[in-house]
Amino acid sequence: MPNHDIERIKNLLGTHEDFPKKGIVFKDMFPVFQDPTAVEALIANIVHHITSTYPEKIDTVVGLDARGFLFGPLVALRLGAAFVPVRKQGKLPGECVSAVYEKEYGQDIFELQKDAVKAGSRVIVIDDLIATGGSAGAAGELIRKCNATTVEYVFIMELDFLEGSKKLDAPVYSLIHL
Ligand SMILES: O=P(O)(O)OC[C@H]1O[C@H](OP(=O)(O)OP(=O)(O)O)[C@H](O)[C@@H]1O
Ligand SMILES: Nc1ncnc2[nH]cnc12
């Protein structure tokens with residue numbers, strides 16, 4: 001992505017100290033959605049990156065609860081791929097696979113509907129931010145439980161100092177490094 005777009009998006013991000021817990025510097029993605037041209041730049045860049053790096057068809061984009069839902073369907077639509085949510089425990093009906101994980105500010109459980117990701121399919125995981133990598137790692141575990149392949153993990157922001165991408169089993173693409 002051109003540097004001027006990265007700087008523009010960085011300037012739109014909110015930064016909140018001691019949220020949701022003391023010691024956490026929280027990066028808020030929502031103000032970016034005040035500027036549709038910034039959202040367009042983000043989505044166009046991600047789609048260009050995926051189609052130019054992975055010429056073979058992507059079957060499914062998996063978005064992580066909740067902020068991955070802002071980006072996943074937009075990217076999936078442009079790739080002509082399915083969109084499937086990974087949700088926090090207790091939100092999805094039907095038979096689910098689940099994974100317990102630790103994130104920067106606590107523990108959680110993720111679930112994925114068992115039949116939503118087909119065996120052998122090629123999956124992109126997307127979320128707004130990777131911190132410790134606990135959330136994305138749990139999503140990767142759920143995709144493995146469905147016998148599918150995570151082709152890449154995509155994030156708008158990566159908190160480099162937490163080295164979360166080291167936990168993941170596929171390449172990581174982050175637009176903004178903080
Ligand atoms: O890399 P990690 O340390 O796992 O942290 C990253 C995750 O934390 C945030 O979600 P959160 O669980 O706060 O959920 P929300 O989107 O519902 O606010 C963020 O959107 C990522 O999903
Ligand atoms: N510092 C942070 N800001 C926003 N979302 C997060 N998820 C985990 N850590 C976060």
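Both ligands and their constituent atoms are indexed starting at 1 by order of listing.
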Legend entry - Protein contact of atom 21 (C) of ligand 1 - nearest heavy atom, named by residue and atom, plus distance: D127 OD2, 3.1 Å
Only pairs under 3.5 Å count here: list side-chain donor-acceptor contacts from residues 18-36, not counting sequence neighbours, and write none if there are none.
unit_1, atom_1, unit_2, atom_2, d
D18, OD1, G23, N, 2.7
K21, NZ, Y105, O, 3.0
K27, NZ, T15, OG1, 2.6
D28, OD1, F30, N, 3.1
D35, OD1, T37, N, 2.9
D35, OD1, T37, OG1, 2.6
D35, OD1, A38, N, 3.3
D35, OD2, R8, NH1, 3.2

Inset, instruction - Please confirm whether K103 comes within less than 3.5 Å of ligand 1 when only nitrogen or oxygen atoms on both sides are compared. - result: yes
Legend entry - hydrophobic_cluster_shared for I156 and L162, side chain cutoff 4.5 Å: yes
Legend entry - Heavy-atom check, side chain of E111 versus side chain of V86, under 4.5 Å: no
Inset, instruction - May I ask you to identify the nearest protein heavy atom to atom 16 (O) of ligand 1, giving residue, atom name and distance to one decimal place in Å? - result: A66 N, 3.0 Å
Legend entry - Y101 N/O to ligand 1 N/O under 3.5 Å: no
Legend entry - Sidechain-backbone polar pair: N11 side chain, E7 backbone, donor-acceptor under 3.5 Å: yes
Inset, instruction - Output yes when the distance from some N or O of ligand 1 to some N or O of L64 is under 3.5 Å, and no in every other case. - result: no
Inset, instruction - Return a yes/no value for R67: is any of its N or O atoms, backbone included, closer than 3.5 angstrom to an N or O of ligand 1? - result: yes
Inset, instruction - Measure the OG1-CZ distance between T60 and F83 for me, rounded to the nearest 0.5 Å. - result: 10.5 Å
Inset, instruction - Kindly check if the number of other-residue, nucleotide or ligand heavy atoms within 6.0 Å of NE2 (H48) is above 12? - result: no
Legend entry - Heavy atom of the protein closest to atom 3 (O) of ligand 1 (residue, atom name, distance): T132 OG1, 2.5 Å
Inset, instruction - Check each of G68, G134, S165, S135 against atom 7 (C) of ligand 1 and report the one with the nearest heavy atom. - result: S135
Legend entry - Residue and atom name of the nearest protein heavy atom (relative to atom 20 (O) of ligand 1), distance in Å to one decimal: D128 OD1, 2.6 Å
Inset, instruction - Decide whether the shortest distance between a heavy atom of Y105 and an atom of ligand 1 is less than 4.0 Å. - result: yes
Inset, instruction - Tell me which protein heavy atom sits closest to atom 6 (C) of ligand 1, plus the residue, atom name and distance to 0.1 Å. - result: L129 O, 3.6 Å
Legend entry - Exercise: do S165 and E158 side chains pair donor with acceptor under 3.5 Å: yes
Inset, instruction - Would you kindly confirm whether I43 and Y173 end up in one hydrophobic cluster when ILVMFWY residues are joined by side chain heavy atoms under 4.5 Å apart? - result: yes
Legend entry - N/O separation below 3.5 Å, G133 to ligand 1: yes
Identify all N/O pairs between ligand 2 and the protein with a separation under 3.5 Å and present them as a table of atom names and distances.
unit_1, atom_1, unit_2, atom_2, d
ligand 2, 1 (N), V25, O, 2.9
ligand 2, 1 (N), E104, OE1, 3.1
ligand 2, 3 (N), K27, N, 2.9
ligand 2, 5 (N), R67, NH1, 3.3
ligand 2, 7 (N), Y105, OH, 3.2
ligand 2, 9 (N), E104, OE1, 2.5

Legend entry - Whether T53 side chain and I50 backbone form a donor-acceptor pair below 3.5 Å: no
Inset, instruction - Determine the minimum heavy-atom distance between V61 and A81, stating which atoms define it. - result: CG2-CB, 4.3 Å
Inset, instruction - Could you tell me whether the side chains of Y153 and D127 share a donor-acceptor contact shorter than 3.5 Å? - result: no
Inset, instruction - Evaluate the side-chain contact (heavy atoms from CB on, under 4.5 Å) criterion for residues L112 and V84: first the C-alpha distance (whole Å), next the side-chain angles of each, then the deciding distance (0.1 Å), finally the verdict. - result: CA-CA 8 Å; L112 172 64; V84 171; 3.4 Å; yes
Inset, instruction - Indicate yes or no: does an N/O atom of A131 lie under 3.5 Å from an N/O atom of ligand 1? - result: yes
Inset, instruction - Evaluate ring pair (Phe, Tyr, Trp, His ring centres under 6.0 Å) for F110 paired with Y101, printing each intermediate quantity in order. - result: CA-CA 8 Å; F110 262 166; Y101 64 96; 4.5 Å; yes
Inset, instruction - Considering the heavy atoms of E104, write down every atom of ligand 1 situated less than 4.0 Å from one of them. - result: 3 (O)
Legend entry - ligand 1 contact by K88, heavy-atom criterion under 4.0 angstrom: yes
